Trainee: 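Structure below; questions to follow.
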2 protein chains.
Amino acid sequence: MTVSRVLRTPDKVRPETCRRVQAAIRKLGYVPDEAAGALSSRRSRIIGALVSTLGGSFFASTVDGLSQTLREQGYQLLLATTNYTPEIEADSIAAMLARRPDGLVLTSTQHTDMANRLLKRARIPIVELWELPEAPIDSAVGFSNRAAGNAMTEFLADAGHKGIGFIGRSSPFDRRGQLRRAGYKDALAARSLHAPRVASVAGLGDDPSAGASGLAHLLMRWEDTTAVFCASDSIALGALSEARRRGLRVPDDIAIAGFGDFEMASENGLALTTVRVPGFAIGEEAARLVLRRGNGEATHKRIVDLGFQIVRRMTA
Amino acid sequence: MTVSRVLRTPDKVRPETCRRVQAAIRKLGYVPDEAAGALSSRRSRIIGALVSTLGGSFFASTVDGLSQTLREQGYQLLLATTNYTPEIEADSIAAMLARRPDGLVLTSTQHTDMANRLLKRARIPIVELWELPEAPIDSAVGFSNRAAGNAMTEFLADAGHKGIGFIGRSSPFDRRGQLRRAGYKDALAARSLHAPRVASVAGLGDDPSAGASGLAHLLMRWEDTTAVFCASDSIALGALSEARRRGLRVPDDIAIAGFGDFEMASENGLALTTVRVPGFAIGEEAARLVLRRGNGEATHKRIVDLGFQIVRRMTA
DNA sequence: TTGAAAGCGTTACCAA
DNA sequence: TTGGTAACGCTTTCAA
């Protein structure tokens, strides 16, 4: 009826009628059924997002940014966590596709064949986050983890360090961590410094204990290490606490740099020297991009580089 | 047709037919439309969740738990962030209701009148999280913030402290923080210790700088303060760093306790004495509860107390 | 500017 | 065990 018009295109209806309808809506407590609308119009106004986990600080702000921007545009967010498991991701993608979302946002970089097939067939905008893939499925928003790893290592080298270690996870699913490590290695090679000194800590998820054992490992194996670059601020915190336990002064005896610029890294917290990455902005931009592409604006840049920033504080 | 049965109730169909249908499904790449199913069956298999923000560590793990448990049960999660704004919450509730979710999960405790009306009328299970309200809208999963605040203050008093301060936010929307503070005051009164020593820091969201300025304020106003209880671990980190700046030994000169047991508080991180709260478990239990209530099992407990735990580490 | 009719892709219900 | 038919509550399209 006319009700639909009042709700979707109020200007196509006579003001008087409009008011009458709205009054009725209020009186009856009518809430339109978007599911029926979606079925009929073939637009769901839903965007799906897949993240490995919300813990660990990396993606939480991105989901915040996504959610906020989508809401402002009248869209809703369907969220699934994959727990770093490609099979769960594939299942979740299938489940989401069954809701006919107007777009999909992914933070993982490894997909099963099944997942790739589903994504291809879906014919909706797909945005990959937190990296700049060479061959994106559709489009991407993020920054170069490799360049970031490189930049921080260069920063440490510029500060005069001759022995620079790296602490990260060894998980094969942590593609981004591997890229940061690759950037670290690039820098060492470019400076002809020394062979890579890497402490790879087993397990998923960053946590401080990885930093503690990583620093211990590094210091035992390469005594002249004077700086460490950690793949996340959580790891850096662990390294910091291990250094303190050993009576090492930071940054004089050992410089420590993190990654992520989590809240705890701030001036009044750890005062951690780190790499700031635009987590929230990635979410906002992903929302805009997925909606634009959904509107058929295929002319836009497919890969958006939001950059990163070295933040110098007290630990390096 | 029979396809629907093969998908929903495979046991109601002859194995042979079942196989043929499944083969066809694969060959055609058929993905059922859940929206249409929802419209027809009046069950959407969607649960909506509203959180103030994912940043700040408190709710991220709860959403992880929710998402994981819902997925296991074949449900999906519609997520919205309200940015601590009751009006946004009300809008988001309306938007979610338009999707006909089978249940709603809320982390905020303040709702606008409009929101309350909508919630009442919805006739779906509503689960409130992270507190034990005296009069829940429907049901709740959490723990007593007041009891937790009380317990930590008692812990500090038991350790012999005679001057105990509290640092928290002053935001009126932070109901839970106020309850923790109330618990702190209860304990002081029960011990006949001293009048409350509260540093209320303006602003939304916990962050370390609140802890830094809070500690400075406390120490200036009440010189004989030897312990502070912070409304979150982030605040505690700020207090810790301020103490360090002042050359104060922790816990000898000043004991510092946090709240939340965030990752950074762990043994290899800050080694922070804190209150552990079951964030992930709240999410899991909320998922189970909302689904059970949706199945008409109205007999279950409406308020689930998951408790908390004082974790004694190195700072108090 | 408004209304009537025909779907959208499922599931519920009833026959066969 | 299977298939036909009628909703479910919208939007689209077309006619008035």
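Remember, predicted model here, so these are calculated numbers, not experimental data. Order of the sequence lines fixes the chain letters, A, B, ..., with proteins taken first and strands second; residue numbering starts at 1 for each chain.
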Trainee: Under 6.0 Å from the CZ atom of B/R175, do we count more than 12 heavy atoms belonging to anything else shown?
Mentor: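 Not buried by this count: 12 neighbours or fewer within 6.0 Å.
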Trainee: Atom NZ of B/K12 and atom P of D/dT2: how far apart are they, to the nearest Å?
Mentor: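 The answer, rounded to whole Å, is 12 Å.
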Trainee: Report yes if the side chains of A/L104 and A/L119 come closer than 4.5 Å at any heavy-atom pair, otherwise no.
Mentor: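 They are in side-chain contact.
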Trainee: Using OP1 and OP2 only, check whether a side-chain N or O of A/R42 sits under 4.0 Å from D/dT12.
Mentor: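 Checking D/dT12 against A/R42, no side-chain N or O comes under 4.0 Å of OP1 or OP2.
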Trainee: Any side-chain heavy atom of B/F58 sitting closer than 4.5 Å to one from B/D206?
Mentor: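 With C-beta onward as the side chain, the pair touches.
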Trainee: How long is the line joining CZ of A/R100 and C1' of C/dC8, in whole Å?
Mentor: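 Taking CZ of A/R100 and C1' of C/dC8, I get 11 Å after rounding.
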Trainee: With DNA chain D as reference, determine whether A/L39 or A/R43 sits nearer its 5' end, using the nearest nucleotide of each.
Mentor: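 Nearest nucleotide further toward 5': that of A/L39.
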Trainee: Assess whether atom CD of A/E16 is packed by more than 12 heavy atoms of other residues, nucleotides or ligands within 6.0 Å.
Mentor: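 For A/E16, atom CD is crowded (more than 12 foreign heavy atoms under 6.0 Å).
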Trainee: Please round to 10 degrees the angle between the axis of the first five pairs and the axis of the last five pairs in the helix from C/dT1-D/dA16 to C/dA16-D/dT1.
Mentor: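 For the helix from C/dT1-D/dA16 to C/dA16-D/dT1, the axes at opposite ends meet at about 30°.
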Trainee: Hey, mind stepping through B/R292 and B/E285 against salt bridge (charged side-chain N to carboxylate O under 4.0 Å, His left out) and telling me if it holds?
Mentor: CA-CA 10 Å; B/R292 278 203 308 255; B/E285 183 57 28; 3.7 Å; yes
Trainee: Round to the nearest Å and state the distance from A/E34 atom CD to D/dT11 atom C1'.
Mentor: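 So the CD-C1' distance, A/E34 to D/dT11, works out to 12 Å.
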Trainee: In whole angstroms, how far is the P atom of D/dG9 from the CG atom of A/L7?
Mentor: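 Rounded to whole Å, this separation is 16 Å.
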Trainee: Between A/S234 and A/D207, do the side chains contain an N or O donor and an N or O acceptor separated by less than 3.5 Å?
Mentor: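 No, no side-chain donor-acceptor contact under 3.5 Å.
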Trainee: Can you find a side chain N or O atom of A/T2 that sits less than 4.0 Å from OP1 or OP2 on C/dG3?
Mentor: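 Yes, within the criterion.
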Trainee: Taking the minimum atom-to-atom distance to the side chain of A/R14, which one of C/dT2, D/dT2, D/dC10 wins?
Mentor: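 The answer is C/dT2, which lies nearest to the side chain.
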Trainee: What string of B, S and - do you get for nucleotides 11-16 of chain C, 5' to 3', when a contact is any protein heavy atom under 4.0 Å?
Mentor: BS----
Trainee: How close or far is atom C1' of D/dG9 from atom CZ of B/R99, stated in whole angstroms?
Mentor: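 Checked: the CZ to C1' distance equals 14 Å.
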Trainee: Between A/E16 (CD) and C/dT1 (C1'), how many Å, whole number?
Mentor: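 Going from CD in A/E16 over to C1' in C/dT1 covers 13 Å.
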Trainee: Which atoms form the tightest heavy-atom contact between B/I93 and B/A115, and what is the distance?
Mentor: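 Smallest interatomic distance, heavy atoms only, reads CD1-CB, 3.9 Å.
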Trainee: For the side chain of B/D33, starting at C-beta, report the closest nucleotide among C/dC8, D/dC10, C/dT10.
Mentor: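 In terms of side-chain proximity for B/D33, the closest of C/dC8, D/dC10, C/dT10 is C/dT10.
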Trainee: Whole angstroms only, please: what is the CD1-P distance between B/I46 and C/dT10?
Mentor: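 Checked: the CD1 to P distance equals 16 Å.
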Trainee: Check whether B/S92 reaches the backbone of B/T82 with its side chain - one donor and one acceptor, N or O, closer than 3.5 Å.
Mentor: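 Here the side-chain-to-backbone pair does not exist.
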Trainee: Classify the side-chain pair B/E128/B/S139 by whether it contains a donor and acceptor separated by less than 3.5 Å.
Mentor: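 No, no side-chain donor-acceptor contact under 3.5 Å.
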